[in-house]
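What you see below is based on every heavy atom in this structure, not just the backbone, and it leaves out hydrogens, waters and symmetry mates. Predicted model, so just to flag it, every value in this text is computed and none were measured.
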Amino acid sequence: MLAPSSDLLRAGIGLKLNQIKLATRSYLRDRTNQASGTITSYAVAAGLLAVAGIFLIAACLVGATALFRWIEIHYGQFWAFGAIGALLLAIAAVCAGLAAAKLKQPSPHFPSFTSRLRVAIKANPLQPDQLEAARDTAASVLLAPPAGARRRRRSRTGRDNRKMQAGLILMATLLGWAATRRRWQARQMDV
């Protein structure tokens with residue numbers, strides 16, 4: 001026996017709403033992954049640039065000192081300061097140009113949110129060979145008693161597991177901190 005048309009309409013609208021929810025989640029997940037990837041790459045780039053900057057400064061100081069001394073011996077002190085100043089200015093210009101080029105890299109392209117919603121609304125969740133089975137399933141679901149009549153307790157193992165992991169990490173961190181502090185205090189007492 002088939003259910004009334006209003007129940008089928010509600011089931012169809014429910015399917016469409018689920019497709020829209022999935023498209024929205026997919027879009028948000030892609031944007032979140034993009035943002036976290038961008039932040040990670042900027043953090044790694046900043047760390048590597050800081051280390052490279054330290055070594056570059058050290059190498060430049062050694063090279064500039066040697067160049068200054070050579071120019072001072074051959075041409076005089078005025079020309080030595082001028083050459084070192086021009087060299088440092090050229091290096092600063094090259095570094096600024098590289099930094100500007102790095103920041104202008106294009107971001108990856110993702111389909112827009114409206115495009116995903118349009119596809120979700122137009123898409124048919126069922127293949128043509130699955131229509132008969134879906135009709136039978138929809139009829140049995142719609143004829144079943146409401147969900148409030150029989151209550152089942154859902155298990156929350158996923159949430160409890162996450163809380164348990166977070167608690168264990170916090171506990172391990174605090175124990176490590178306490179052990180390190182005690183060891184440090186014991187060494188201070190021995191000295």
Side-chain angles (χ1 to χ4, degrees), residues 19-121 123 156-191:
Q19 286 177 327
I20 291 171
K21 286 179 187 176
L22 287 174
T24 304
R25 286 183 190 141
S26 173
Y27 177 78
L28 292 175
R29 183 180 60 246
D30 286 346
R31 288 300 179 186
T32 303
N33 290 341
Q34 179 189 15
S36 63
T38 302
I39 289 171
T40 303
S41 66
Y42 274 113
V44 168
L48 291 175
L49 282 174
V51 171
I54 291 170
F55 285 112
L56 181 66
I57 288 171
C60 286
L61 287 175
V62 170
T65 304
L67 181 64
F68 179 83
R69 184 75 179 131
W70 184 81
I71 294 173
E72 183 183 27
I73 290 171
H74 290 291
Y75 299 104
Q77 191 173 13
F78 176 75
W79 292 107
F81 278 119
I84 296 299
L87 179 66
L88 292 176
L89 186 64
I91 291 173
V94 167
C95 289
L98 289 175
K102 179 69 177 164
L103 290 177
K104 288 194 175 195
Q105 286 182 347
S107 62
H109 175 70
F110 293 109
S112 68
F113 183 58
T114 55
S115 171
R116 289 184 189 212
L117 287 179
R118 184 174 49 249
V119 168
I121 290 171
R156 293 182 166 188
T157 57
R159 286 187 182 167
D160 290 341
N161 194 13
R162 279 192 224 131
K163 288 180 182 176
M164 178 70 77
Q165 288 174 349
L168 287 173
I169 290 171
L170 179 64
M171 183 178 66
T173 304
L174 290 175
L175 283 174
W177 176 72
T180 304
R181 188 168 177 232
R182 281 191 179 189
R183 176 181 256 176
W184 183 76
Q185 287 176 347
R187 285 186 183 171
Q188 293 295 324
M189 297 293 261
D190 291 340
V191 174

Legend entry - Pairs meeting criterion salt bridge (charged side-chain N to carboxylate O under 4.0 Å, His left out) with involvement of residues 36-59, two or more places apart: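 Listed by first then second residue: nothing to list.
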
Legend entry - Sequence neighbours excluded, every pair satisfying salt bridge (charged side-chain N to carboxylate O under 4.0 Å, His left out) that has a member inside residues 44-56: none

For the [atom1] atom of [X] and the [atom2] atom of [Y], what is their distance to the nearest 0.5 Å?
X: Leu175; Y: Thr180; atom1: CG; atom2: OG1; value: 10.5 Å
X: Ile54; Y: Leu49; atom1: CD1; atom2: CG; value: 11.5 Å
X: Met189; Y: Trp184; atom1: CE; atom2: CH2; value: 11.5 Å
X: Asn33; Y: Leu28; atom1: CG; atom2: CG; value: 11.0 Å
X: Thr24; Y: Gln19; atom1: OG1; atom2: CD; value: 11.5 Å
X: Ile73; Y: Phe68; atom1: CD1; atom2: CZ; value: 10.5 Å

Legend entry - Arg31: partners by salt bridge (charged side-chain N to carboxylate O under 4.0 Å, His left out), with sequence neighbours left out: none

Inset, instruction - Without swapping roles, check the side chain of Ser26 against the backbone of Leu22 for a donor-acceptor pair under 3.5 Å. - result: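 No, the answer is negative, given that no donor and acceptor are paired below the 3.5 Å cut-off.
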
Inset, instruction - Looking only at non-hydrogen atoms, find the nearest pair between Thr38 and Ser41 and report the distance. - result: O-OG, 2.9 Å

Legend entry - Exercise: identify the closest heavy-atom pair between Ala83 and Ile71: CB-CD1, 3.4 Å

Inset, instruction - Using the test side chain to side chain donor-acceptor pair (under 3.5 Å), find all partners of Thr40 that sit at least two apart in sequence or belong to another chain. - result: none

Inset, instruction - Could you name each residue pair satisfying side-chain hydrogen bond (donor to acceptor under 3.5 Å, both in side chains) that touches residues 66-76, not counting sequence neighbours? - result: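 Pairs touching residues 66-76 that pass the test: Arg69-Glu72, Trp70-His74.
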
Inset, instruction - Could you name each residue pair satisfying ring pair (Phe, Tyr, Trp, His ring centres under 6.0 Å) that touches residues 22-58, not counting sequence neighbours? - result: Tyr27-Phe113

